[in-house]
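In what follows, a single structure is set out as structure tokens and then discussed.
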Amino acid sequence: MEAADPDLPNAAVEHISQMLTLAKRKHQEAMAMLGTPDPSSVPRLREVLRLLEETKLLADDASTYVETDVMKAALKDLHFQQASVRMAIAQLEQLKLRSPWVTPWPWITIMALALIVAQAFR
């Protein structure tokens, strides 16, 4: 593992530390959102993706000051997580497009049948 540049001023070290702390917080928030089930998962996944992109920007910025094997591995994992979330969004959007229940016609048909059955029993 490569060490941090000992000639970095304390202000730069503090700045890097703050960026990595913020990146870690955003990443934890994104990971927590992945575990939260809700009926509108695509908007939630888009928010996760936004947080992961912010995390990546912060980590990329920090890596310009300090490049270590740990940092490289973390960025590689982050890229994988982003790709996984993008793939999940694409799959959910495709599923929505293929589902007949997304359109109003099945619901209208069910309501019409229910009205016919209700009228028959009166």
Side-chain angles (χ1 to χ4, degrees):
M1 179 189 314
E2 302 166 31
D5 184 354
D7 296 329
L8 278 176
N10 285 342
V13 172
E14 182 64 28
H15 177 67
I16 294 165
S17 176
Q18 289 173 349
M19 283 190 299
L20 291 175
T21 300
L22 182 58
K24 181 179 179 182
R25 192 174 318 126
K26 287 184 178 288
H27 186 262
Q28 288 171 337
E29 184 179 346
M31 293 299 103
M33 288 179 73
L34 283 177
T36 306
D38 65 33
S40 58
S41 56
V42 172
R44 180 176 42 86
L45 287 174
R46 289 193 190 286
E47 178 64 13
V48 167
L49 189 58
R50 184 190 66 75
L51 288 167
L52 290 176
E53 287 170 357
E54 289 178 8
T55 300
K56 182 186 173 299
L57 285 173
L58 289 163
D60 278 341
D61 191 24
S63 72
T64 61
Y65 296 100
V66 180
E67 189 172 311
T68 65
D69 292 338
V70 172
M71 193 70 135
K72 289 177 188 176
L75 285 169
K76 184 178 177 180
D77 287 344
L78 193 54
H79 286 283
F80 178 75
Q81 290 169 351
Q82 286 176 301
S84 297
V85 171
R86 283 188 189 103
M87 189 169 52
I89 290 171
Q91 288 174 343
L92 287 170
E93 286 175 338
Q94 284 298 322
L95 185 62
K96 270 187 176 177
L97 292 176
R98 285 186 270 152
S99 174
W101 297 101
V102 173
T103 65
W105 296 114
W107 299 109
I108 292 171
T109 304
I110 290 172
M111 291 299 292
L113 288 173
L115 287 173
I116 292 169
V117 170
Q119 290 295 327
F121 286 111
R122 281 191 177 189

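Nothing here was measured: the structure is a model prediction, and the numbers come from that model.
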(message) Quick check: closest heavy atoms across Leu45 and Ala88, and the distance to 0.1 Å?
(response) CD1-CB, 4.0 Å
(message) Are Val42 and Leu49 connected into the same hydrophobic cluster when the rule is that any two of I, L, V, M, F, W, Y join if their side-chain heavy atoms are below 4.5 Å apart?
(response) yes
(request) Could I get the full list of side chain to side chain donor-acceptor pair (under 3.5 Å) partners for Glu29, not counting sequence neighbours? (result) none
(request) Using salt bridge (Lys or Arg N to Asp or Glu O under 4.0 Å) as the criterion, list what pairs up with Asp61, not counting sequence neighbours. (result) none
(message) Just verifying a value: how many Å separate Tyr65 OH and His15 NE2, rounded to the nearest 0.5 Å?
(response) 4.5 Å
(message) Once rounded to the nearest 0.5 Å, what's the spacing between atom CE of Met19 and atom CG of Asp60?
(response) 10.5 Å
(request) Starting from the C-alpha separation in whole Å, work towards a yes-or-no answer on side-chain contact (heavy atoms from CB on, under 4.5 Å) for Leu51 and His27. (result) CA-CA 7 Å; Leu51 288 167; His27 186 262; over 6 Å; no
(message) So which atom in Met33 and which in Arg44 form the shortest heavy-atom distance, rounded to 0.1 Å?
(response) O-NH1, 2.9 Å
(request) Spell out, as yes or no, whether a donor-acceptor pair under 3.5 Å connects the side chain of Ser17 to the backbone of Val13. (result) no
(request) Could you list the residues that satisfy salt bridge (Lys or Arg N to Asp or Glu O under 4.0 Å) with Arg50, not counting sequence neighbours? (result) Glu47, Glu54
(message) Working to the nearest 0.5 angstrom, can you tell me the gap between Thr64 OG1 and Met71 CE?
(response) 8.5 Å
(request) Write down the atom of Leu20, the atom of Ala62, and the distance for their closest heavy-atom approach. (result) CD2-CB, 3.6 Å
(request) Start with the C-alpha gap between Met31 and Leu52, add the side-chain angles, then the distance that decides, and say whether side-chain contact (heavy atoms from CB on, under 4.5 Å) holds. (result) CA-CA 9 Å; Met31 293 299 103; Leu52 290 176; 3.9 Å; yes
